[in-house]
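Only this structure's heavy atoms are used, side chains among them; waters, hydrogens and symmetry mates stay out. Computed from a predicted structure; not experimentally measured.
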Amino acid sequence: MTDEPVSLSAALASFSDLWSPRIVTAVNDYDVRVAKVEGDHLWHTHDHTDEFFLVLEGELTIALREPAGERAVVLPKGSVFTVPRGTEHRPSAPAGAAILMFEPTGTFTVGDRHDEIPAHVDATTGQALG
């Protein structure tokens, strides 16, 4: 981590990979990650942590499988949403988006339980900014 300010637009401009979060800073035991996303991620669940999303650019849809059934939450630019721990979900952005996530350090992008990982999804705990 750096002791200098981080420009989120510069951080996003520094890479082109989709669904491959970059760690921009840390707060206590949490990573602050940014990612470029387009198309569908995969259905997955984080058993031990909530997952916070902030849409920086574009629009993100998060499909949720809840006890009452399946629903989709649409997040336009500037919106935040927290997926509760243990909730199966699948983020998607048909037209592309840039997002910021706040998760405990070491949290895998594909959760603790997930569908088969498609080639376009980086199964990682976040990568350092280049």
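- Of the possible polar contacts, none joining the His44 side chain to the Arg90 backbone as a donor-acceptor pair under 3.5 Å is found.
- For Tyr30, the ring pair (Phe, Tyr, Trp, His ring centres under 6.0 Å) partners at least two apart in sequence or on another chain are Phe102.
- Every side-chain contact (heavy atoms from CB on, under 4.5 Å) that Ser79 has, sequence neighbours left out, goes to Leu75, Pro76.
- Within the structure, ring pair (Phe, Tyr, Trp, His ring centres under 6.0 Å) pairs that include any residue of residues 51-78 do not occur (at least two apart or interchain).
- With sequence neighbours excluded, the residues satisfying side-chain hydrogen bond (donor to acceptor under 3.5 Å, both in side chains) with Ser9 are Ser7.
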(request) Show your working on side chain to side chain contact (heavy atoms under 4.5 Å, CB included) between Leu18 and Val37 and close with a plain yes or no. (result) CA-CA 5 Å; Leu18 297 174; Val37 299; 5.8 Å; no

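- For residues 71-86, every residue pair satisfying the salt bridge (charged side-chain N to carboxylate O under 4.0 Å, His left out) rule, not counting sequence neighbours, is listed here: Asp50-Arg85, Glu66-Arg71.
- Pairing each heavy atom of Ala72 with each of Thr61, the nearest pair is CB-CG2, 3.9 Å.
- When all heavy atoms of Val83 and Phe81 are compared, the closest pair comes out as CG2-CE2, 3.8 Å.
- Scanning for side-chain contact (heavy atoms from CB on, under 4.5 Å) contacts around Glu103 gives Arg33, His46, Glu51, Met101, Thr107, with sequence neighbours left out.
- There is no side-chain donor-acceptor pair under 3.5 Å between Asp29 and Thr105.
- Remark: Glu59 engages no residue in a salt bridge (Lys or Arg N to Asp or Glu O under 4.0 Å) (not counting sequence neighbours).
- Distance check: Thr87 OG1 to Ile62 CD1 gives 11.0 Å after rounding to the nearest 0.5 Å.
- Taking every heavy atom of both residues into account, Phe15 and Lys36 meet most closely at O-NZ, 2.6 Å.
- Val80 and Leu12 fall within the same hydrophobic cluster, where Ile, Leu, Val, Met, Phe, Trp and Tyr residues are linked whenever their side-chain heavy atoms come under 4.5 Å apart, directly or through other members.
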